[in-house]
2 protein chains.
Amino acid sequence: MNDFKTTLEERKAKSTLQVLFKVARLLNAQAIERSNQEQRWGQKLRPSHMAIFPHLSLKGSRITSLAEEMQISKQAVAQLVEDLEQLKIVRRVPDPTDGRAKLVQFTKSGRTGMLRGLDLLTTMEQELADIVGVRRMADLRTTLSRILEHVAPQHEKRFLKK
Amino acid sequence: MNDFKTTLEERKAKSTLQVLFKVARLLNAQAIERSNQEQRWGQKLRPSHMAIFPHLSLKGSRITSLAEEMQISKQAVAQLVEDLEQLKIVRRVPDPTDGRAKLVQFTKSGRTGMLRGLDLLTTMEQELADIVGVRRMADLRTTLSRILEHVAPQHEKRFLKK
DNA sequence: GCACATAGTAAAGCTTGCTTGACTATATTG
DNA sequence: CAATATAGTCAAGCAAGCTTTACTATGTGC
């Protein structure tokens with residue numbers, strides 16, 4: 001009756017990647033929403049802020065190294081850090097080994113907040129395991145990890161060169 | 001030596017969800033890049049434009065219905081459609097059944113372009129299947145679909161209510 | 001036929017998430 | 001110690017992707 005329609009719908013439905021994208025998008029949104037709901041940073045933590053966390057060493061990190069890792073400008077990092085500082089999640093202290101530098105480090109509340117954030121991810125993962133089964137979740141992780149290695153074999157690549 | 005560090009790193013590494021997010025982000029970027037590279041829309045197709053495609057019926061869709069499906073304003077849709085029209089991917093024709101309405105429909109080149117885009121996704125999927133195996137890819141799809149149903153049981157929910 | 005709803009458009013403005021350019025203060029190097 | 005590189009800041013600007021407000025044109029119910 002409508003061949004084009006059929007073709008497109010079929011192929012759309014078949015794309016594992018589209019499902020992957022959609023699931024990731026929805027789960028990510030859910031994570032941010034639940035995190036903002038349960039925490040009291042004033043609802044103001046946005047995705048770009050979350051992106052810093054994985055790069056924040058607990059000893060303290062320099063703006064410059066964060067910028068390199070995240071592949072954005074120092075100024076961009078500085079802006080995000082400023083927000084996080086206002087929310088008392090991090091603070092900037094002078095680097096004792098370099099008078100020019102400062103170290104961005106977690107405050108106590110920031111650290112516990114981050115741990116709660118990780119807890120949330122764990123919780124969500126367990127909820128999913130309840131749905132699809134522990135076995136499937138483990139397989140999912142394995143498969144995704146393998147894909148990740150293929151798609152981004154750049155483990156610390158940036159730090160080896162230049 | 002540094003308990004906090006250890007704790008955080010361990011837990012970060014364990015989060016399947018983080019891997020999921022990262023994989024999705026990287027694959028999505030790769031898809032857009034490869035698509036823009038192989039096609040000749042002038043490199044100008046952005047993620048927001050891609051977001052329309054799954055909602056575009058081949059018979060033609062109204063701006064209003066697109067807006068409802070995508071949960072954004074009519075004006076936002078209109079702007080995206082305008083871009084796509086300039087790139088000759090879609091055109092707007094008057095809706096014969098309603099003098100106020102217009103139908104957004106693919107041009108011929110838009111349709112073949114979209115098919116090529118879907119082909120690209122299929123190609124990428126096959127590449128991944130070569131890495132992790134066909135079996136694992138099938139499992140991945142099943143698991144993700146189940147998760148999707150749990151996380152978004154809103155199949156046409158919006159169209160039933162109101 | 002009149003009131004009201006609906007499809008679409010036009011224009012302006014907003015937030016997010018960056019970048020670029022210019023500058024200051026401290027380090028390093030020859 | 002002079003030249004230069006580096007860490008960070010300040011300010012401005014910009015593109016993407018929206019929203020809000022205001023409007024026109026067409027359709028619908030009573």
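A note on names: the letters A, B, ... follow the listed sequences, proteins ahead of strands, and every chain is numbered from 1. Computed from a predicted structure; not experimentally measured.
Going from atom CG of Leu45(A) over to atom P of dG17(C) covers 11 Å, rounded to whole Å. As rounded to whole Å, 10 Å separates atom P of dA15(D) from atom NZ of Lys44(B). Rounded to whole Å, the distance from CD1 on Ile63(B) to P on dA10(C) is 11 Å. For the pair Glu68(B) CD and dG8(C) P, the interatomic distance rounds to 11 Å; values are reported in whole Å. What separates CG of Leu103(B) from C1' of dA7(C) is a distance of 11 Å, to the nearest Å. Atom CD1 of Ile52(B) is separated from atom P of dA16(D) by 15 Å (rounded to the nearest Å). Following rounding to the nearest Å, Arg92(A) (CZ) and dG8(D) (C1') show an atom-to-atom distance of 9 Å. Across the protein-nucleic acid pair, Met50(A) atom CE and dG17(C) atom C1' stand 16 Å apart, rounded to whole Å.
Under the 4.0 Å criterion applied to side-chain N and carboxylate O atoms, Glu125(A) and Arg136(A) are not assigned as salt-bridge partners. The residues Arg91(B) and Glu85(B) are annotated as not salt-bridged, no charged nitrogen and carboxylate oxygen being separated by less than 4.0 angstrom. Between Arg46(B) and Asp83(B) there is a salt bridge, with a side-chain nitrogen of the basic residue lying less than 4.0 Å from a carboxylate oxygen of the acidic one.
You won't find any donor-acceptor pair under 3.5 Å spanning the side chain of Gln75(B) and the base of dG17(D), going by distance alone. Checked by distance alone, Arg46(A) brings no side-chain donor or acceptor within 3.5 Å of a matching partner on the base of dT16(C). For a distance-only test at 3.5 Å, the side chain of Gln79(A) qualifies as a donor-acceptor partner of the base of dT19(C).
Phosphate proximity of dT28(C) to Arg100(A): absent, as no side-chain N or O sits under 4.0 Å from OP1 or OP2. Phosphate contact (OP1/OP2 of dT6(D), side-chain N/O of Lys74(A), threshold under 4.0 Å): absent. Considering only side-chain N and O atoms, Thr64(B) lies under 4.0 angstrom from the phosphate OP1 or OP2 of dG8(C). Distances shown here put every side-chain N or O of Ser48(A) at or beyond 4.0 Å from the OP1 or OP2 atom of dT16(C). The side chain of Ser73(B) places no N or O atom within less than 4.0 Å of a non-bridging phosphate oxygen (OP1 or OP2) of dC18(D).
When heavy atoms are screened at a 4.0 angstrom cut-off, Ala76(A) is found touching base atoms of the nucleic acid. Using a 4.0 Å heavy-atom criterion, one finds that Asp95(B) contacts no nucleic acid atom at all.
Distances were taken from every side-chain heavy atom of Ile72(A) (C-beta onward) to each of dC18(D), dT9(C), dC18(C); the shortest belongs to dC18(C).
Of the two residues near DNA chain C, Thr97(A) and His49(A), the one whose nearest nucleotide lies more 5' is His49(A). Comparing Arg62(B) and Val77(A) by the nucleotide of DNA chain C whose heavy atom lies nearest to each, the residue mapping closer to the 5' end is Arg62(B).
Linking Ile, Leu, Val, Met, Phe, Trp and Tyr whenever their side-chain heavy atoms come within less than 4.5 Å leaves Leu103(A) and Phe53(A) in two separate clusters.
Through ILVMFWY side-chain contacts below 4.5 Å, Ile32(B) is grouped with nothing and stands alone.
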